[in-house]
Structure formats: structure tokens, C-alpha cells
Peer 1: 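I am attaching a structure below and will ask some questions about it afterwards.
Each chain gets a letter, A, B and so on, in the order the sequences are listed, and its residues count up from 1. Not measured: the values here are computed from a predicted model.
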Amino acid sequence: MDFRLTHTDTASNARAGVIFTDHGEIATPVFMPVGTVGTVKAVHIRDVAEDVKARIILGNTYHLYLRPGLDILKEAGGLHKFNGWSKPILTDSGGYQVYSLAHRRKMKEEGVVFQSHIDGSRHMFSPEKVMDIQRVIGADIIMAFDECTPYPCEYEYARKSMELTHRWLDRCIARFDETENLYGYRQSLFPIVQGSIYRDLRIKSAEKIASCGADGNAIGGLAVGEPIETMYEFTEMVCNILPKDKPRYLMGVGTPANILEGISRGIDMFDCVMPTRNGRNGMIFTSNGIINLKNEKWKADFSPLDPDGLSFVDSAYSRAYLRHLFVAGEMLGPMIASQHNLAFYLWLVDEARKRIIDGSFAEWKSQMVVKLVQRI
RNA sequence: GUGGUUUUAGCUCAGUAGGUUAGAGCGUCUGAUUGUGGUUCAGAAGGUCGUGGGUUCGAGCCCCAUAUUCCACC
């Protein structure tokens, strides 16, 4: 994987570039739809590519390992062949599940013992094993095994957690370097900055990650409940330490406004469940603000879902019809809303990219963030 | 016709020995959701307890009448 930085904004830290992978190019900044179990929930792969215009999607090590399992993925020839997505894929390492499934795991120096959320069976995840699994899944970009530090957390816990993540990172790199890709295309390993919201820890972690010389670098442990201004502050601080000539990935973020603020601080890659999860529950994001489709006020609003939207669903369906689908519990509702939201997120990062290139990003961003958080 | 039974929130039902502002689940209406457990969580609105009398300091609960649901018998 290679990265070429092509434009740098003068009024902010925003940048535009291109990531080159064996499955094609990724123009940045980019939003990556989440496809935890090998599918972007509720959206056909053709629509993810052609209508949403996604350039790369995510998968999750923990979920794919449990189901369908490594034997099937290997026999299929990797995730790309299994799910029919021929563009780049990034897999999260399962580090987030260390955090989100905290009640079902035990942490040790060696790794983490998980209890499956599917059948309760126990599984050991170590840095080495997580590298091996991600080799089998075959993502273009794979993530180091980390602990996503919870928030709030005491300084000592944050320090020890960060140090553990660093030791695990060294083991990830060692294992990654002594193994090879299985399907004939390159894979890149991204390390992850932790350190909670302690400045000295974040700086230390960012320096550690920067020293690895990885193809790209990620920031984890943010957007876990801390004040939004804190998230921006730490994003900016870490970006200033991470190498300029490598892509920076802010994990798990976020709302449309969060993404523009992240871009302006030097982030190139984002992923978030929000467009799909909230979409499945009737919330859609537009350039004029947020719509809760379940609200009674849309009952007889026959105007297009989003008159400014580029997805075909935006003009094909009305708000009243979509509200009806949600109220009736019809599965087409979540499908349409997910597709709209993803198309909107991709439009947002594409528009940001254009503005960075033509020099109007900072001004545009400050106008947009006000509109994006409005409730319609 | 006789005996028994049912009636409490939009729906399905709890309401203990008569005792302050009658509860739940679902539904409805609002919020929340940030490296996804097709969710989950939080809050709100909504009832003259079938109707009319009576007993009592006090009745959803006891008594009478009446309507109503279902059952059995003639």
C-alpha cells in the first residue's frame, strides 16, 4: 500500500491524497462503511459500490472469526471473493470488542479470552492470532490488536492499557513481518494510538506509533463518551505528531460534523456505524440536518427523502412513505435509510476533498457544521 | 328463562384483608445511539375502574339494579 498526499489546505490541517492498494485507489479524505460480518448491513454490494460510491469497506476480525469461521473464509479465497467486494477492505482487529464486550472477556498480558456472544464458547485472542486471522480474512489494511481504553478511566489504568497496547503492537509487527499474504495481494498493518484523554500519554503513544514506520496510522480510544471538544483537541494533538506522509485514520468517528472537524485537523480516513445503525432505526443525515423519520410530522410529507441527495433512493421515495415503512416494521425502510446515509457520508467526504483541492474547505466547513447538527 | 362467569389505558391483563396521586407489557409519541449483538436504553402522553343507585370516615374491591362477554342447564 502506498499513499500520495496531493493537496494541503492552507487555512486548516486538511489534506487530500490517494491511497494505492492492490484492489484499487482510495481518494482521501474517505469514509469507510462498516461491514462487520462481511456485509454492509441492509445494502447490496452493487449499491455500496455504484450508488453509495464507497471506495473501501470494513470487516471485523472478531465477528468473522466466529462466523463463518476461518475454514470457510480460507476456502472461499478470502473475504473479497466471499462477499463479492472487489475494492479494498480494512479489518478491525477485535480490539474494540475488548471494550464493547467487556463483560464477556478476561484480559491478560498474553491476550484476551473472549466469550462468544453467539454461543458462549471461549476463544483466546492474542496479537499473533489476530494477525494470523487477518491474513486469512485477507483485508488490504489490517489493524493492530489493541485495547480501546474505556472512558472515563483513571490515569494509571490508561497508562497501563496504553503500555499493553504498545507491547501488543510490537508482537503484531513481529508476527506480521514473519508471515505472508495468502492470496497474492499486499496487506498493510496500521498501528493504533491510545492514551485516553491524558495529554502526556497520548503524546507518548503517538510518538511510539509514529516510530513504527507503518503504511498508515490510526487513532483509537476516542468517541467513547468524552466531551466532543476533548475529542477534537486530542485528534489535533495526535495528528501533529503522526507522520505527514502516511494516511491517518480516526477510528469509529463519527457524526457528519465530527468528520468535517476531523478532516480539518488532518484526518484522512473515518469509519462509523452511525449511518447504518441509525439509518436502520429511522434517522437520516442530510446536508440540511438530521431527520428522524419516525416522527409523526412526516406522516403526510410526500416530498423526496432528500432533494439534494445523489443516491437514487433520495428521489425515488418520499418521507411519508419511508415513515410508513418504519412504522410498519418493513425491512425496506432500514435498507433505504442505510443507503441514503452512506451515500450522504460519501458525498460529504467527496465534497470536502473537492473543497480542499480548490482551497475553499475551511470556509465551507464552518458553514456546513452548523447545518449538519440541526434537526429538521 | 335459570345458575354461574366477564367488564380496569388504544390492545392483553395485574390489582393483594375495603385505606394516600389505580399498575405492567405491548402499542403510540419524544429523545439517545460514534473501530455494529438487526438493536438497546431513557422519558412522556394516555383511565369519571361498563352504567345507575346504596353501605362506609373511605369503594376498582362489599350490596342492589341494569347492560355486556362467555359457559352450563331447561
Peer 1: Calculate the interatomic distance between A/Leu342 atom CG and B/rU36 atom C1'; express it in whole Å.
Peer 2: 13 Å
Peer 1: Grab the CG-P distance between A/Leu64 and B/rG37 for me, whole Å please.
Peer 2: 12 Å
Peer 1: Please determine, for the side chain of A/Asn295, which listed nucleotide (B/rU28, B/rG35, B/rG31) has the closest atom?
Peer 2: B/rG31
Peer 1: If B/rU48 has a Watson-Crick or G-U wobble mate with both distances under 3.5 Å, name it; if not, just say none.
Peer 2: none
Peer 1: Does B/rG35 have its OP1 or OP2 closer than 4.0 Å to a side-chain nitrogen or oxygen of A/Asn60?
Peer 2: no
Peer 1: Check the distance between B/rG35's C1' and A/Glu147's CD and give it to me in whole angstrom.
Peer 2: 14 Å
Peer 1: Quick check on ring pair (Phe, Tyr, Trp, His ring centres under 6.0 Å): which of A/Phe344, A/Tyr345, A/Phe31 does A/Phe285 satisfy it with?
Peer 2: A/Tyr345
Peer 1: Which nucleotide in the set B/rG37, B/rU34, B/rU30 lies at the smallest distance from any side-chain heavy atom of A/Val273?
Peer 2: B/rU34
Peer 1: Nearest to the A/Thr276 side chain among B/rU28, B/rU36, B/rG31, which nucleotide is it?
Peer 2: B/rU36
Peer 1: Compute the centroid of each ring, for A/His80 and then for A/Tyr185, and state whether the two points are separated by less than 6.0 Å.
Peer 2: yes
Peer 1: For A/Gln194, which contact category applies under a 4.0 Å heavy-atom criterion: base, sugar-phosphate, or nothing?
Peer 2: base
Peer 1: How about A/His324 and A/Tyr317: are their ring centres within less than 6.0 Å of each other?
Peer 2: no
Peer 1: Would the distance check show the side chain of A/Arg55 and the main-chain N or O of A/Gly24 forming a donor-acceptor pair, the cut-off being under 3.5 Å?
Peer 2: no
Peer 1: If the test is ring pair (Phe, Tyr, Trp, His ring centres under 6.0 Å), which one of A/Tyr155, A/Tyr157, A/Tyr151 qualifies with A/Tyr198?
Peer 2: A/Tyr155
Peer 1: For B/rG23 and B/rU68, measure between their C1' atoms and round to the nearest Å.
Peer 2: 25 Å
Peer 1: Taking it one step at a time, do A/Glu180 and A/Arg135 satisfy salt bridge (charged side-chain N to carboxylate O under 4.0 Å, His left out)?
Peer 2: CA-CA 8 Å; A/Glu180 291 188 349; A/Arg135 286 293 196 193; over 6 Å; no
Peer 1: Over all strands shown, is A/Arg375 touching base, sugar-phosphate only, or nothing at heavy-atom distances under 4.0 angstrom?
Peer 2: sugar-phosphate
Peer 1: CD1 of A/Ile376 versus P of B/rG31: gap in Å, rounded?
Peer 2: 13 Å
Peer 1: Starting at NE2 of A/His63 and ending at P of B/rG35, how long is that distance when rounded to a whole Å?
Peer 2: 10 Å
Peer 1: Do A/Asn281 and B/rG38 share a donor-acceptor pair, side chain to base, under 3.5 Å?
Peer 2: no
Peer 1: Where the side chain of A/Pro334 is defined as all heavy atoms beyond and including C-beta, which of B/rG38, B/rG31, B/rU36 is the nearest nucleotide?
Peer 2: B/rG38
Peer 1: Nearest to the A/Met283 side chain among B/rG31, B/rU33, B/rU36, which nucleotide is it?
Peer 2: B/rU33
Peer 1: Side chain of A/Ser93 only, heavy atoms from C-beta on: which candidate in B/rU36, B/rG35, B/rU34 is closest?
Peer 2: B/rG35
Peer 1: So A/Gly221, base contact, sugar-phosphate only, or nothing? Heavy-atom distance under 4.0 Å.
Peer 2: base
Peer 1: When you compare B/rC62 with B/rU30, how far apart are their P atoms, in angstrom units rounded to a whole number?
Peer 2: 41 Å
Peer 1: Roughly how far apart, to the nearest Å, are B/rU21 and B/rG25 at atom P?
Peer 2: 23 Å
Peer 1: Can a side chain N or O of A/Arg280 be found less than 4.0 Å away from OP1 or OP2 on B/rU40?
Peer 2: no
Peer 1: Any base atoms under 4.0 Å from A/Ile192, or only sugar-phosphate, or nothing? Heavy atoms, all strands.
Peer 2: base
Peer 1: Can you measure A/Lys41 atom NZ to B/rG38 atom P for me and round it to whole angstrom units?
Peer 2: 4 Å
Peer 1: Consider the side chain of A/Asn278, meaning its heavy atoms from C-beta on, and name the nucleotide among B/rU36, B/rU33, B/rG31 that approaches it most closely.
Peer 2: B/rU33
Peer 1: Any side-chain N or O of A/Arg277 under 4.0 Å from OP1/OP2 of B/rC41?
Peer 2: no
Peer 1: Quickly work out the A/Asn341 CG to B/rU36 C1' distance and round it to whole Å.
Peer 2: 14 Å
Peer 1: Rounded to the nearest Å, what distance is computed from the CG atom of residue A/Leu222 to the P atom of nucleotide B/rU34?
Peer 2: 14 Å
